[in-house]
S.K.: 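After the structure tokens below, expect a handful of questions from me.
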Amino acid sequence: MLLEIDNITLLYGRIQALHGISLQVEEGEVVALIGANGAGKSTTMRAVSGLRPVASGRIRFAGQDITNLRADTRVIRGISQAPEGRGIFPGMTVMENLEMGAYTRRDSAGIQADLKRVFELFPRLEERRRQAGGTLSGGEQQMLAVGRALMSRPKLLLLDEPSMGLAPMLIQQIFTIITEINQQGTTILLVEQNAQQALSRAHRAYVLETGRIVKTGTGEELLHDSAVKDAYLGVA
Ligand code: ATP
């Protein structure tokens with residue numbers, strides 16, 4: 001098991017956002033978190049990447065307890081997040097943004113190889129490599145956020161709403177790339193509003209409601225689950 005979340009709770013001041021979340025991600029899997037706005041999907045990701053501390057519960061990664069590790073230490077251990085809302089550095093060029101993603105690494109040959117791979121996945125980024133991140137289109141910034149996260153060569157890639165704000169054709173493309181990244185050996189935990197796409201791409205998924213997991217199954221099972229269809233797939 002690569003990631004094991006055991007009964008975590010998380011507070012924002014007096015607001016309890018997570019009420020005992022437990023989930024597992026096996027090495028090689030794509031696992032999706034789906035749920036309505038405010039269900040706690042992004043919060044769960046922040047707990048895993050270390051951007052927010054948990055109030056109780058444990059998080060284990062590759063067999064080791066990481067519950068109290070700092071976010072940057074988790075990056076070194078192999079967890080990398082492409083945050084919701086992209087979060088790229090607008091004043092830096094595409095190239096500099098990608099290099100920032102590799103800041104914890106010293107293996108320059110490996111970094112060059114990964115840069116080549118990111119440009120193969122996203123040829124658009126190579127064309128724009130000297131352009132400031134902030135002047136990229138929304139879709140291009142999304143690609144850059146994913147590319148930058150890949151530059152730390154993560155074992156576990158956390159993707160928060162990778163399809164957000166993208167045109168339908170680009171949504172297809174970003175999900176195809178997510179599948180490709182996974183097939184090249186990266187385990188992925190994915191948060192998505194686009195439940196249809198997420199469930200068709202994920203090996204397994206968890207459904208969150210108000211900070212709790214209410215259902216889990218394979219992507220295929222949940223795609224055909226009538227309650228999931230009614231609530232999240234927009235079909236009766
Ligand atoms: P969405 O799909 O809308 O992004 P989500 O499932 O990712 O939703 P979260 O962003 O994890 O939901 O939010 C879970 C709950 O925690 C919400 O009720 C939200 O208002 C609250 N919350 C999130 N961030 C903060 C914060 N920084 N301060 C206070 N409350 C917060």
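Every number for a ligand or one of its atoms is a count from 1 in the order of the listing.
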S.K.: Output, in order, the C-alpha distance, side-chain angles, deciding distance and verdict of side chain to side chain donor-acceptor pair (under 3.5 Å) for Gln16 and Thr9.
M.R.: CA-CA 7 Å; Gln16 184 164 0; Thr9 63; 4.6 Å; no
S.K.: Ala36 heavy atoms, cut-off 4.0 Å: which ligand 1 atoms fall inside?
M.R.: 6 (O)
S.K.: So, applying side-chain contact (heavy atoms from CB on, under 4.5 Å) with Gln197, which one of Ile174, Leu190, Ile171 is it?
M.R.: Ile171
S.K.: Out of Ser42, Ala17, Ala47, who is nearest to atom 7 (O) of ligand 1 when you count heavy atoms only?
M.R.: Ser42
S.K.: Determine, using heavy atoms of Arg52 and all atoms of ligand 1, whether some pair is separated by less than 4.0 Å.
M.R.: no
S.K.: At a 4.0 Å cut-off, with the gap strictly under it, does some heavy atom of Gly13 reach an atom of ligand 1?
M.R.: no
S.K.: Is there a side-chain contact between Val54 and Thr67 (heavy atoms, below 4.5 Å)?
M.R.: yes
S.K.: Touching ligand 1 at all, Gly40? Heavy atoms, strictly under 4.0 Å?
M.R.: yes
S.K.: What heavy-atom pair brings Gln142 and Pro162 nearest, and what distance separates the two atoms?
M.R.: CG-O, 3.0 Å
S.K.: With side chain to side chain contact (heavy atoms under 4.5 Å, CB included) as the test, would you mind laying out the steps for Met45 and Leu189 before giving the verdict?
M.R.: CA-CA 8 Å; Met45 297 294 244; Leu189 182 61; 3.8 Å; yes
S.K.: For ligand 1, is there an N or O atom under 3.5 Å from any N or O atom of Ala39?
M.R.: yes
S.K.: Would you mind running through ligand 1 and noting each atom that sits below 4.0 Å from a heavy atom of Glu161?
M.R.: 2 (O)
S.K.: Which residue from Thr210, Leu33, Thr43 reaches closest to atom 11 (O) of ligand 1 through any of its heavy atoms?
M.R.: Thr43
